[in-house]
Amino acid sequence: MAAADDLQFQEFDDATNLLAANPDATTISITDTNDKPKNQRGPSGEMGRDEDEDLLGNEDSDKAELLAGQKKSAPFWTFEYYQTFFDVDTYQVLDRIKGSLLPLPGKNFVRLYIRSNPDLYGPFWICATLVFAIAISGNLANFLSHRGQRGYRYVPEFHKVSIAATAIYTYAWLIPLALWGFLMWRNNKVMNIVSYSFLEIVCVYGYSLFIYIPTAVLWIIPNEIVRWITIVLAMCLSGTVLLMTFWPAVRDDNQRIAIATIAVILILHALLAVGCKAYFFDPPENTKPLSPVTTTAAPGLNGTALVSHKG
């Protein structure tokens, strides 16, 4: 049985005196019991695994980034609300362009490049550049294919700019909107479907169109074999980005629905490329040169009058 003196409260000396008596003693603060030392590190294998998870993205990082994005709660009618969509630097845009040109097998484009900071700067200017690249290249291709033909007179076709803008921006905005609505609808029925925000889908479609800018420039060459080779390569690269991005979002759904969704995405992507090539870059043999204008003299009341007609 404990002695009576052991059950009494004892007064301890000041912490300074105790530390002076034993300088090697370790002190622990009650308020810091749940904090880990900043310099404490686990095994090297665990550190590498954590770095891989941060690079590829996991559910915790995705939730944290989505919550961080929700904190930007400026009203939509203010300039600050739209300013956040263009808050990217040149290195981020170039890195995302490289990722769209060289898709990595098994890597998700959204988690690797977009989810940390989705933007509209890159998609907007990529679409604008592609519009002018297609329109200008189409005019140059038309001029080169008819150069030297008798009676041909070059007339710039400025209406191609508006047609290209309508096609490109409709594809880059309406298709992501429809796909986002479809994924939200399927997410309510199947809990395991990966959800993407509308801004993330727009980023994927916008950056995937970059490959068509140099492709449109190469379409100036009046050779159908070269044009079809470049268009197939461009469709394969950009289509791979779309496939590896949206397949994880629908693979847990019904098999028929998942395959049909991916098929529709790829078909619409191919129709855009083939349609632009067919409309803006007609084969030389399908276009006829302008008929030369000849003049003949016909007698009139006060002499002769010139009457023109097409030969």
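We're numbering straight along the sequence, starting at 1.
Taking the side chain as every heavy atom from C-beta outward, Ile163 and Phe280 approach each other to under 4.5 Å. Considering only heavy atoms from C-beta on, Tyr171 comes within 4.5 Å of Leu209 through its side chain. At a threshold of 4.5 Å between non-hydrogen side-chain atoms, the residues Ile265 and Thr261 count as touching.
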When you look at Val93 and Ile97, which way does the side-chain contact (heavy atoms from CB on, under 4.5 Å) test go after all the steps?
CA-CA 6 Å; Val93 175; Ile97 291 175; 4.0 Å; yes
With salt bridge (charged side-chain N to carboxylate O under 4.0 Å, His left out) as the criterion, how do Glu224 and Lys277 come out once you've worked through the C-alpha distance, each side chain's angles and the decisive distance to 0.1 Å?
CA-CA 10 Å; Glu224 286 300 300; Lys277 188 266 174 192; 2.5 Å; yes
Checking side-chain contact (heavy atoms from CB on, under 4.5 Å) for the pair Met244/Asn108: CA distance, chi angles, key distance, verdict?
CA-CA 6 Å; Met244 293 191 303; Asn108 192 306; over 6 Å; no
Leu144 vs Ile221, side-chain contact (heavy atoms from CB on, under 4.5 Å): CA-CA, chis, key distance, verdict
CA-CA 8 Å; Leu144 292 177; Ile221 302 174; over 6 Å; no
Would Ile257 and Val250 count as a side-chain contact (heavy atoms from CB on, under 4.5 Å) if you check the C-alpha gap in whole Å, the side-chain angles of each, and the deciding distance to 0.1 Å?
CA-CA 8 Å; Ile257 296 178; Val250 297; over 6 Å; no
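Listed by first then second residue, pairs satisfying ring pair (Phe, Tyr, Trp, His ring centres under 6.0 Å) with a partner in residues 216-238 read Trp219-Phe281, not counting sequence neighbours. Applying the salt bridge (charged side-chain N to carboxylate O under 4.0 Å, His left out) test to every pair with at least one member in residues 128-139, sequence neighbours left out, gives no pairs at all.
The CZ atom of Arg227 sits 9.0 Å away from the CD1 atom of Ile220 when rounded to the nearest 0.5 Å.
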Which pairs would a plain distance check flag for residues 231-243, meaning a side-chain donor or acceptor within less than 3.5 Å of a matching protein atom at least two apart in sequence or in another chain?
{"unit_1": "Ser238", "atom_1": "OG", "unit_2": "Tyr212", "atom_2": "OH", "d": "3.4"}
{"unit_1": "Ser238", "atom_1": "OG", "unit_2": "Ala234", "atom_2": "O", "d": "2.7"}
{"unit_1": "Ser238", "atom_1": "OG", "unit_2": "His269", "atom_2": "NE2", "d": "2.5"}
{"unit_1": "Thr240", "atom_1": "OG1", "unit_2": "Cys236", "atom_2": "O", "d": "2.5"}

Contacts table for residues 123-138: side-chain donor-acceptor under 3.5 angstrom, sequence neighbours left out:
{"unit_1": "Thr129", "atom_1": "OG1", "unit_2": "Trp125", "atom_2": "O", "d": "2.7"}
{"unit_1": "Ser137", "atom_1": "OG", "unit_2": "Ala133", "atom_2": "O", "d": "2.6"}
{"unit_1": "Ser137", "atom_1": "OG", "unit_2": "Ala216", "atom_2": "O", "d": "3.2"}

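Proximity of a side-chain donor or acceptor of Asp95 to a complementary backbone N or O of Lys98 within less than 3.5 Å is not detected. Under a 3.5 Å cut-off, the side chain of Asp119 and the backbone N or O of Val88 do not form any donor-acceptor pair.
Under the side chain to side chain contact (heavy atoms under 4.5 Å, CB included) criterion, Leu218 pairs with Thr230, sequence neighbours left out. Legend: residues meeting side chain to side chain contact (heavy atoms under 4.5 Å, CB included) with Thr166, ordered by chain and number and at least two apart, are Thr170.
Classified by interplanar angle (parallel below 30°, tilted 30° to 60°, perpendicular above 60°), the ring pair Tyr196/Phe246 is perpendicular.
Atom OH of Tyr121 is surrounded by 12 or fewer heavy atoms from other residues, nucleotides or ligands within 6.0 Å.
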